Amino acid sequence: MSRDPVQSAERPTDDGAAPPGDAEAPFLDLLARGATADAYEQPVLRARAEGRPAERIAALEHAKLLALRVRAELEGRRRREAELSALFETAHDLAGLRDVDAVLQAIVQRARSLLGTDVAYLSLNDPVRGDTYMRVTEGSVAARFQQLRLGMGEGLGGLVAQTARPYVTDDYFRDERFRHTTTIDAGVRDEGLVAILGVPLMLGPHVIGVLFAADRRARVFEREQIALLGSFAALAAAAIDTANLLTETRSALADLEHANEIIKDRSGVIERASDVHDRLAELVLRGGGVHDVAAAVSEVLDGTVEFTEADAAPADALEASRAEGHAVPHRDDWIAAVTAGGELLGALVLRGHPGLDPVDQRTLERAAMVTSLLLLARRSAAEAEQRVRGELLDDLLDARDRDPRLLRERAARLRADLDATHVVLAARLDTSAPDADHEADARRRLWSAASHLAATRQGLAAARDGGTVLLLPLAPGDTATDLARRTARHLGTAVHEPVTVGASAPVAHLAADPDAVVAGYEEGRRCLDALRLLGRAGDGAAAEDFGFLGLLLAGDRDIGGFVERTIGQVVAYDARRGTDLVRTLDAYFACGMSPARTKDALHVHVNTVAQRLERVGRLLGDDWQSPARALEIQLALRLHRLAAPTQS
């Protein structure tokens, strides 16, 4: 049977005295086992309880003090080893720097872990705006705190930046050494911080930012901890300096490569211009199409040229090209508007050519002119097809007793699939015409643009109720809202006036259930009217885009769908993990979005509340505490709570 090391060490010799030198034995055992500091009192207390001689107790007391000193030395060595290891790892990261954000994040994480604080964060000075902004945070749960921008000289960070020395406060709100502001104090209060340590990030004699460690309780930071955070700050400053040098070097290399490419391409410019002229002439003569023109120009310019609809091209660059009559640069691309009689038909986009030779630019412009001629030549044939498309949609809306087989056959001849999922869109101009003639002309232009869009998207379009109704297929991964917004932009660009578009929820199997088209059209009109009442003329939206207002606009009052879209990920997480995120959200909003009051309501530690809210942010997105999102989340929580008994 094993013996208690304390008891065995205290066993007296035959003459009643303890063996010489055995006072250290129980403490050596405690040191070997890594016991807590409180355990070192036990051998002394036991000796007193057993009535051992005073000299024996004194020897144990002396051995205890020596053991505690050894323990403290060992703990200090382990701590310094961990600190040096973290600093070495950070220096290693810096040596192989590829992503400065990743290095800074690692520095802040390690600083928080080694100092044992609730939060660590790093701010950088913005010389352009003349203020300071949060660059990296770790452990933060308050959105306002994470987005703080501070004026120079404000807050504890301002004091550090002014003096280029570390500063620490054990109670932020009672410390008058630095200038408090409403913005900073509100952010610190949201985060619940009390004790804060800040050290400067130095590049030479200049302070470029501050590294912070903070707790949500009163705390005194030791000198070693301040020095450790200063070491991390020095590494962070080195990372930023290295990243700046890398950026400058890469920029210089890119400039050199760009100049070299221009020199290499110059010799072939004239030859390419002659080649493209011959190719475009041949295409027109043999009846080529728009995409044939794009392919031919791609070969000549040694790049990728695409024809895009007007709403798919960058709006500012497209308008500039139309106004100037020339191709214009947009980032790394070039945009050439395809126009006819003032009408914008689309654009030719040359991708990945930031530096385009003037001769090649003229080639792209000539290709845009040829494209417009081809589009006009085919418009007459398209108009006949548009009338047929309009008649089919009219029959779906008005003559719902038609044979589904015949409807499918008519749609197939127009390359439309009535068994696919579609969205019904109601479109209307939102400008007041000076007279009836101008209004009629505007409606005709809207109808023409809508018909062209329907033909290119394998859908249907018809004039209806002073506007236009479209039936467009919904691509996988697309939403009714996205389709409505793209349609509003496309039609508005085509007719040069704002067009408002309301969309239905996705509908399917239209040939077998034509009533779904009528219901979808009515829902789209309600969304269109809601947009106009909300002052969002020229925009596009579906019922799902109006949040809880969408419950009133949608035809099926999909309350469950609203709850699922709003907080479904949180509910599912609770169900999978057995957590209390939904209950925490309820308490958080009931307590005025205060983590401190929420932890009292839930009877948990504030760190638990912070961890739960951090998880909620990862599930719902960083903006979940914004006023609009918070309102929808609270409504979804109530609807979920009301529905819960019926689901049990």
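Numbering of residues begins at 1 and proceeds along the displayed sequence. Predicted, not measured: the structure shown is a model, and the values here were computed from it.
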If I take atom [atom1] from residue [X] and atom [atom2] from residue [Y], how far apart are they, to the nearest 0.5 angstrom?
X	Y	atom1	atom2	answer
Arg415	Thr456	CZ	OG1	10.0 Å
Thr137	Gln146	OG1	CD	4.5 Å
His422	His509	NE2	NE2	12.0 Å
Arg428	Asp465	CZ	CG	7.0 Å
Leu318	Thr308	CG	OG1	7.5 Å

If we only count heavy atoms from C-beta on, is the [X] to [Y] side-chain gap below 4.5 Å?
X	Y	value
Thr304	Leu350	no
Ile633	Ile567	yes
Leu446	Glu497	no
Asp332	Arg351	no
Tyr133	Leu148	no
Arg457	Glu309	yes
Trp334	Val349	no
Arg135	Asp101	yes

Test side-chain contact (heavy atoms from CB on, under 4.5 Å) applied to Leu619 - qualifying residues, sequence neighbours left out: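 Result, side-chain contact (heavy atoms from CB on, under 4.5 Å) vs Leu619: Gln569, Val570, Tyr573, Leu581, Arg615.
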For Ala494, give me all partners under side-chain contact (heavy atoms from CB on, under 4.5 Å), at least two apart in sequence or on another chain. Ala449
So with a 6.0 Å cut-off around [atom1] of [X], is the heavy-atom count from everything else above 12?
X	atom1	value
Asp622	CG	no
His496	NE2	yes
Arg331	CZ	no
Asp126	CG	yes
Met369	CE	no

Would you confirm whether [X], through its side chain, and [Y], through its main-chain N or O, come within 3.5 Å as a donor-acceptor pair?
X	Y	answer
Ser504	Val424	yes
Asp190	Ala142	no
Glu365	Ala336	no

Ignoring hydrogens, what is the shortest heavy-atom contact between [X] and [Y]? Give both atom names and the distance.
X	Y	value
Ala313	Ala347	CB-CB, 4.1 Å
Ile335	Ala317	CG1-CB, 3.9 Å
Val338	Leu348	CG2-N, 4.0 Å

Between Tyr588 and Trp624, how do the two ring planes meet: parallel, tilted or perpendicular, split at 30° and 60°? tilted
Charged N-O contact under 4.0 Å between Arg445 and Asp441: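 Salt bridge flag = yes for Asp441 with Arg445.
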Donor + acceptor pair across side chains of Asp360, Thr363 (<3.5 Å): no
Begin from the C-alpha positions of Ser626 and Asp623 and carry the test side chain to side chain donor-acceptor pair (under 3.5 Å) through to its verdict. CA-CA 5 Å; Ser626 65; Asp623 66 335; 4.6 Å; no
Report the residue from Val501, Leu491, Asp478 that forms a side chain to side chain contact (heavy atoms under 4.5 Å, CB included) with Arg486.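 Among the candidates, only Asp478 passes.
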